[in-house]
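Values below: all heavy atoms of this structure, side chains included; hydrogens, waters and symmetry mates excluded.
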Amino acid sequence: MEKLLAMATGLVALLLVAGAGPAEGAVFKVGDSAGWTIMGSPNYTAWAASKNFDVGDTIVFEYNANFHNVLEVTKAEYNACNASSPIATYATGNDSITIKTKGHHYFLCGFPGHCTIGQKVDIYIPKSSSAAPSTSPTASPPSTSPAAVPSTSSSSSGTGGISAPAAAPRPSAGAKPVPQAFALVLAVFSFVAVAGGLVRQ
């Protein structure tokens, strides 16, 4: 009996360690309740600075697709509000983008004039540490050049450390419980109890 209990304890410990892999990332809705818009003049630089992003996090852009889109762009395009050659274009009105690499990830609205009045965001994950807080980029002055008309493609054509839009965002940005590990532990203890004769069938 003691040998069976020792084996079960070892199995439970192994399963707990195996199930303690990387947790799913947090979900952040850009602009929080305001969403991705120019109405009310949301400050996306301040919004991003108030968050601690990490690799695996999902960034959700919610907006009216008749009036906005989301373009992933380079730093130079971001600073100049240039929408003419995006890395990726999203246009569904509910785009979930999982961040796969550390560093800067630049997004802007490609509708003319929107970026120049602030509809752009820099999602920054420090390269030095995943636990370091997010830092705010220096806001660039509005560009006087007109924004280019965005492409109509809604699929991601480049990588840029970003995955294709996810099927649906997770409901919160908090820590994720691991119900599978709990269920597994419960199943193993039930098996040990029945096999060890502690519970009669």
Side-chain angles (χ1 to χ4, degrees), residues 25-101 103-125 134-143 145-174:
V27 176
F28 295 94
K29 179 181 172 186
V30 176
D32 294 325
S33 61
W36 186 239
T37 185
I38 56 174
M39 301 300 291
S41 302
N43 184 335
Y44 295 110
T45 300
W47 174 85
S50 73
K51 308 298 181 200
N52 291 315
F53 301 110
D54 204 353
V55 172
D57 288 350
T58 299
I59 310 303
V60 178
F61 291 86
E62 290 183 6
Y63 55 93
N64 183 331
N66 292 320
F67 301 106
H68 307 286
N69 63 10
V70 178
L71 306 181
E72 179 193 357
V73 296
T74 65
K75 179 180 182 178
E77 291 167 333
Y78 177 85
N79 288 335
C81 285
N82 181 350
S84 63
S85 57
I87 295 167
T89 300
Y90 304 91
T92 68
N94 188 11
D95 303 313
S96 296
I97 303 167
T98 301
I99 305 297
K100 293 187 156 192
T101 60
H104 292 273
H105 301 278
Y106 301 100
F107 300 93
L108 57 82
C109 180
F111 277 63
H114 290 201
C115 177
T116 58
I117 60 173
Q119 196 176 7
K120 63 182 186 174
V121 65
D122 174 6
I123 305 298
Y124 177 64
I125 302 169
S134 171
T135 59
S136 173
T138 304
S140 60
S143 171
S145 63
V149 176
S151 72
T152 56
S153 168
S154 63
S155 65
S156 172
S157 59
T159 56
I162 309 274
S163 70
R170 291 180 302 281
S172 73

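The closest donor-acceptor contact from the side chain of N79 to the backbone of A76 lies at 3.5 Å or more, if one exists at all. Y63 places a side-chain N or O within 3.5 Å of a backbone atom of T92 that can act as its donor or acceptor partner.
Taking all atoms of both residues into account, the shortest heavy-atom contact from F107 to V70 is CD2-CG1, 3.8 Å. Across all their heavy atoms, G56 and T98 have their closest contact at O-CG2, 3.8 Å. Taking all atoms of both residues into account, the shortest heavy-atom contact from Y44 to T37 is OH-N, 2.8 Å. I99 and I125 get closest at one heavy-atom pair: CG2-CD1, 3.3 Å. Contact record, A26 with D57: N-OD1, 2.8 Å, taken as the closest heavy-atom pair. The two residues C115 and Y78 come nearest to each other via the heavy atoms SG-O, 4.4 Å.
Among residue pairs with one or both ends in residues 76-89, none qualify as salt bridge (charged side-chain N to carboxylate O under 4.0 Å, His left out); sequence neighbours excluded. Identified under the salt bridge (charged side-chain N to carboxylate O under 4.0 Å, His left out) test for residues 30-49, with sequence neighbours left out: D32-K51.
At least one side-chain heavy atom of V60 sits under 4.5 Å from a side-chain heavy atom of V27. The side-chain heavy atoms of L71 and C109, taken from C-beta on, include no pair separated by under 4.5 Å.
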Next on the checklist: Evaluate Y106 against K120 for side-chain contact (heavy atoms from CB on, under 4.5 Å), listing each step before the verdict.
Outcome noted: CA-CA 8 Å; Y106 301 100; K120 63 182 186 174; over 6 Å; no

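Here the straight-line distance linking atom CG of D95 with atom CG of N69 works out to 9.0 Å at 0.5 Å rounding. To the nearest 0.5 Å, atom CD1 of residue I38 and atom NE2 of residue H114 are 3.5 Å apart. Atom NE2 of H105 and atom CD1 of I123 lie 8.5 Å apart (nearest 0.5 Å).
The aromatic rings of F111 and H68 are tilted relative to each other, their planes meeting at an angle between 30° and 60°. Between F61 and W36, the two ring planes are perpendicular [angle over 60°; tilted spans 30° to 60°]. Ring planes of F28 and W47: perpendicular class, angle over 60° (limits at 30 and 60°).
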